[in-house]
Number of protein chains: 2
Amino acid sequence: MKIGARETERRMERITSAVKAAGVKLTIQRLEIFRELAASADHPSAEAVFEALHARMPTVSLDTVYRTLWLLTDLGLVHTLGPRHESVRFDPKLERHHHFVCLRCGLVRDFESAELDALRVPASAARFGRVEATHVEVRGVCSGCARKQGRKSGGRNDKEPKGGKGSNEHE
Amino acid sequence: MKIGARETERRMERITSAVKAAGVKLTIQRLEIFRELAASADHPSAEAVFEALHARMPTVSLDTVYRTLWLLTDLGLVHTLGPRHESVRFDPKLERHHHFVCLRCGLVRDFESAELDALRVPASAARFGRVEATHVEVRGVCSGCARKQGRKSGGRNDKEPKGGKGSNEHE
DNA sequence: CTCCTACCTGCGAATCATTCGCAAGTAGGT
DNA sequence: ACCTACTTGCGAATGATTCGCAGGTAGGAG
Ligand SMILES: [Mn+2]
Ligand SMILES: [Mn+2]
Ligand SMILES: [Zn+2]
Ligand SMILES: [Zn+2]
């Protein structure tokens, strides 16, 4: 699904200038990947971008698509759907509640809010289908991570080191 | 991180009775996995549950932990953090917006809402750290999936068949 | 209480998405 | 036109999750 040419153009402009400003080389594959992504409204996966591109450019590799998408993500030019954690996380609390998610370490904490629960689903969302639930995700940096801050730059790999799976047991 | 014994007990009760009602065998490993999960407040991964359990029960396999957690999920006794899609999805729209996510096929659509944007972050969430953004996810079944409905039961594998990566191109 | 059997479990191999390592290719400054 | 650091395309490596299968057991029948 594609968006209007006007908006696509605006995005391409923003992306190319930002990428150029970052001192990154503008290769044909990058330009095409930008174009493909800038025109889409369906939040494509790397694979989807790759497939779409493959018709026009049979030589691009899936790996390059991944590298380019992460490049854009690191530059803040695209977002990913929901902060990705390394693996699925399970929640035994069935009562209606919401989450605070630490972008650094993946810590997740519950919180309740009568105000949020009272919210009505906007018609702009309801038009897409039958709504079953709404969930608010507050993203930020947990106090634990804020303390031991500073170090690294800000790229995508600034997560807690791979070590013990039992990390994010802050607090 | 564990929650109070009172609440843990309540959850164990709910889980065991529901599982029994579903005509599923209550094995020791299942009971222990239930116990471990019911007591946790940190949204553990299967691996985390496995690790924690490994101390008490050195013989349980990670695979059984996975199978049990998905069993609970299918019975609606636990939830997973954010509807899992098969892979990362990228979003080129930087303007503040929210998402409607189809639980069946993974379709994701943008929607805006002044009302939602106006929301203040509740203190109950802000206490966990520095908030950077809040995002509302409305989950439901898209009109496309609603149309071709009925068929299958309701388990975790009722997603669109694996086929072409370019699915969820509904509408 | 014992017996049976459909349902479980532990394992090692198989999948899948994503990432690495490296040799060959090229954007872009000089 | 010429360098060379940054990029690519691959095929192999990873890491999370799932499968296939052979042996084990919950729990209902007798
Ligand atoms: Mn929760
Ligand atoms: Mn979006
Ligand atoms: Zn953190
Ligand atoms: Zn759908």
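Note on naming: letters A, B, ... go to the chains in the order of the sequence lines (proteins, then strands), and numbering restarts at 1 for each one.
Contacts of residues 31-38 of chain A with DNA chain D (heavy atom under 4.0 Å): none.
Counting only distance, with no hydrogens or angles, the side chain of A:S124 and the backbone of B:E112 share a donor-acceptor pair below 3.5 Å.
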N/O donor to acceptor pairs below 3.5 angstrom from side-chain atoms of residues 16-25 of chain B, sequence neighbours left out:
from	atom 1	to	atom 2	distance (Å)
B:T16	OG1	B:M12	O	2.8
B:T16	OG1	B:E13	O	3.2
B:S17	OG	B:E13	O	3.0
B:S17	OG	B:R14	O	3.2

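The separation between B:L71 atom CG and C:dC7 atom P is 13 Å, rounded to whole Å. Atom pair A:L69:CG and C:dA17:P shows a separation of 15 Å (rounding to whole Å applied). A:H54 has its NE2 atom 16 Å from the P atom of D:dT8, to the nearest Å. Put simply, CZ on B:R30 is 11 Å from P on C:dC7, counting in whole angstrom units. Taking atom CZ of A:F50 as the reference point, atom C1' of C:dC16 lies 15 Å away to the nearest angstrom. In this structure, CG of A:L81 is placed 17 Å from P of C:dA17, rounded to the nearest angstrom.
Residue pairs meeting the ring-ring contact (aromatic ring centres under 6.0 Å, His included) criterion with at least one partner in residues 14-40 of chain A, sequence neighbours excluded, are absent.
The closest side-chain donor-acceptor pair between B:T134 and B:R120, if any, does not fall under 3.5 angstrom. Between A:H43 and B:D91, the side chains place a donor N or O and an acceptor N or O closer than 3.5 Å (distance only, hydrogens not considered).
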Report, one pair per line, the protein and nucleotides 10-12 of chain D atoms (nitrogen or oxygen only) whose separation is under 3.5 Å.
from	atom 1	to	atom 2	distance (Å)
D:dC10	N4	A:D63	OD2	2.7

What nitrogen or oxygen pairs link the protein and nucleotides 24-27 of chain D at under 3.5 Å?
from	atom 1	to	atom 2	distance (Å)
D:dA26	N3	B:K25	NZ	3.2
D:dG27	OP1	B:L26	N	3.0

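Where B:L62 and A:L62 each meet DNA chain D at their nearest nucleotide, the meeting point lying more 5' is that of A:L62.
The aromatic rings of B:W70 and A:F90 lie perpendicular to each other, with more than 60° between the two planes, well past the 30° mark.
In this structure, the salt bridge (charged side-chain N to carboxylate O under 4.0 Å, His left out) partners of B:R67, at least two apart in sequence or on a different chain, are B:D63.
Ion pairing between B:R10 and B:E7 holds under the 4.0 Å rule for side-chain N and carboxylate O. A salt bridge links B:R35 with B:E32: at least one charged nitrogen is closer than 4.0 Å to a carboxylate oxygen.
Look at A:Q29 and you won't find any side-chain N or O under 4.0 angstrom from OP1 or OP2 of C:dT26.
The side chain to side chain donor-acceptor pair (under 3.5 Å) with A:H99 is formed by just one residue from the set A:E137, A:H135, A:R109, A:R89; it is A:H135.
The neighbour count for A:R6 CZ, taken as heavy atoms of other residues, nucleotides or ligands under 6.0 Å away, does not exceed 12.
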